[in-house]
Amino acid sequence: MAITTQNPIAIVELCSTLRQLRQLHGHFLAAGVLLDPPLFAKFVAAVALSPKTPHHLPYSHELLSHSPHHASLFALNSMIRAHSKSSTPIKSFHFYRQILLADALSPDNYTFTFLIRACTQASAPEAGRAAHAAALRRGFLSDSHVQSGLIHMYAELGSSDAFRGIYAELQNPDLVTQTAMVSACAESGEIKLARQLFDEMPHRDVVAWNAMIAGYSHLGRSREALDLFGLMQVEGVRIGEATMVSVLTACAHLGALEQGKWVHVYVEKNKLRLTVTLGTALLDMYFKCGCVARAMDVFWRMKERNVYTWSSAISGLAMNGNGGKCLELFEQMKDDGVLPNEVTFVALLRGCSVAGLVEEGRDVFESMKSRYGIEPWLEHYGCVVDMYGRAGRLKDAISFIDAMPVEPHAGAWGALLNACRLHNNIELGEYAMKKMMQLELRNHGAYVSLSNIYAESRNWHGVSDVRELMKAKGVRKEPGCSVIEVDGQLHEFFVGNKSHPKYINIETTMKEMMSKLRSAGYVSRTNQVLFDIEEEEKEDALCWHSEKLAIAFGLMSLRDGVNIRIVKNLRVCWDCHETSKFVSKVFDREIVMRDRNRFHHFKDGVCSCMDYW
DNA sequence: CTAGGGTTAG
């Protein structure tokens, strides 16, 4: 685009380096464009909000401080807004102070809306209450956007009483405020109340619908999210980009590929712009449905990619076991000038871990602190332990734990425990378990891992001890559940659950399937059967694990050549994993299984995880 | 065309 003085804001958005911005500024200055205060304000705001360069915020700050006479309320509000979305939201107060100090200026409803949002972003309760008090003092509490901001803020801070109190005192909350309340209730787990408020709303626009759909999505109640989306279409509400993002999140969670593809087609048909957010949600959906190629296709088609986009892609590749590609993508991310954040590093470390790239992973972990100044979260430590452990370097894993500057959490010990299971180290496994117990954890996963370690070595005493322990501690195992999509319909299976309408056929298919597998050399192993089931039920239960039911159902329902795609809520057990490998070979059928941790792509009798998970 | 809803990891 040629630089003209007609479209200053559009040109700012095209700049990708600080130098370009400075040049542009000089150009506009020479042309006299920026003498017009409103235009100057817009320019500064555009610079501040420009996502391309990491230096945009300091630069716009600099522009403002060199032109005090141009520091209009509009410009300062925009700066507060820009900072509220940045990684340093609390700096918004700097501009708030500037407004207060300027004789000719005083804060308005916009100022408080942005300021409150900044406090929410920063999770800063004191600052938030101060902003609340100031807004009250200056009489802006009647503004619905201020109300909405406050409700969101207190929900984010976890003070349910506070946002309820605010809402209760309002005589006539309008659409915006009601929507905020729906979203706040959903966020604090009160989804029923949220739905009630939503249903009672006299008028509901796209935003309200979306708040409710997103509420379900966030709580993992994806089915309800999709149901509500269906209702929204029936009511003829215009579907927008944001709606699609929530719907895609729900599809991703469920592994509902058909519905997800439908969204993709809808987006293209209706020529919705593939914005960063929508594109990211779309590629994430494809990744979580196991469609790596499609996901990467969307990724490369996107015109703009932010840290979410890159992190999603890296994480998607990691989940699908492609660690080498993760590191490659990370290099490209850096070339692109996008700064990685904590989440990017979680994804990267997981990628190194699944691919056994220990040295690379260690470098990544080091550079995270030294180059990017990011303080590791507990998750990062857990990933490193997992990385060493998975590679069989249990000594490195344990010394890494010992050297952790923070108290090791259940995740770190859990990673070690899983490594002990993979590498049959009972002694260290027991030690890890003991450590976990001291953390008073109620997570059943650890008990299952330990039990499996005992079972591998046929130590049935150990197995029953763990079972007793679980009983004593009142830890219950979450029931295993597998979901399979057939013709766009999701079918749910639980262990030994016989309630499916086609159960008789499933049972027949299952028996045939197992006998075919046996003649192909499959031998069932009862040693990893979940130990909370009585002995005599073991053999039986093994045959009726939810993923096996789902596979049988897939075999009888899906045309030849269609992949069987299964989403499981827990980790897959050894026996089901083995069964899947055999099915993929004997029936010449690919199986894509997403478990709690990662993907397993079964083909020709081999799994993409190489039996390491 | 300054304001409410939406994206990543566990």
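Computed from a prediction, not measured in an experiment: that's the story for all the values here. Atoms considered below: every heavy atom in the structure, side chains included; atoms not considered: hydrogens, waters and symmetry mates. In the text below, chain A, chain B and the rest are named by the order of the sequence lines, each starting its count at 1.
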Roughly how many Å is it from [atom1] in [X] to [atom2] in [N], rounded to a whole number?
{"X": "A:Met201", "N": "B:dG5", "atom1": "CE", "atom2": "P", "value": "13 Å"}
{"X": "A:Ile80", "N": "B:dT2", "atom1": "CD1", "atom2": "P", "value": "15 Å"}
{"X": "A:Leu317", "N": "B:dT8", "atom1": "CG", "atom2": "P", "value": "16 Å"}
{"X": "A:Met285", "N": "B:dT8", "atom1": "CE", "atom2": "P", "value": "13 Å"}
{"X": "A:Leu248", "N": "B:dT8", "atom1": "CG", "atom2": "C1'", "value": "14 Å"}
{"X": "A:Gln147", "N": "B:dA3", "atom1": "CD", "atom2": "P", "value": "18 Å"}
{"X": "A:Leu150", "N": "B:dG4", "atom1": "CG", "atom2": "C1'", "value": "13 Å"}

Identify whether any heavy atom of [X] sits under 4.0 Å from a base atom; if not, whether one sits that close to sugar-phosphate; answer base, sugar-phosphate or nothing.
{"X": "A:Trp377", "result": "base"}
{"X": "A:His218", "result": "sugar-phosphate"}
{"X": "A:Ser183", "result": "nothing"}
{"X": "A:Ser311", "result": "base"}
{"X": "A:Glu342", "result": "nothing"}
{"X": "A:Ala214", "result": "sugar-phosphate"}
{"X": "A:Thr113", "result": "base"}
{"X": "A:Val182", "result": "nothing"}
{"X": "A:Leu282", "result": "nothing"}
{"X": "A:Thr177", "result": "nothing"}
{"X": "A:Phe114", "result": "base"}

Selected nucleotide, minimal atom distance to A:Ser315 side chain, candidates B:dG4, B:dA9, B:dG5: B:dA9
Checking B:dG5, B:dT2, B:dT7 against the side chain of A:Val207 (C-beta onward), the nearest is B:dG5
Any side-chain N or O of A:His152 less than 4.0 Å from the OP1 or OP2 oxygen of B:dG5? yes
At less than 4.0 Å, is any side-chain N or O atom of A:Lys288 found next to OP1 or OP2 of B:dA9? Yes or no. yes
Cation-pi, A:Tyr110 ring and A:Arg81 (6.0 angstrom, 45 degrees): no
What pairs of residues pass the salt bridge (charged side-chain N to carboxylate O under 4.0 Å, His left out) test when at least one of them lies in residues 282-301 of chain A, not counting sequence neighbours? A:Asp284-A:Lys288, A:Asp297-A:Arg301
In a check of side chain to side chain donor-acceptor pair (under 3.5 Å) between A:Asp595 and each of A:His600, A:Lys568, A:Arg571, which one passes? A:His600
Side chains of A:Glu156 and A:Thr120 only: does a donor on one sit below 3.5 Å from an acceptor on the other? no
Under 3.5 Å, is there a donor-acceptor pair between the A:His145 and A:Asn109 side chains? no
With a 4.5 Å cut-off on side-chain heavy atoms, are A:Leu115 and A:Phe93 touching? yes
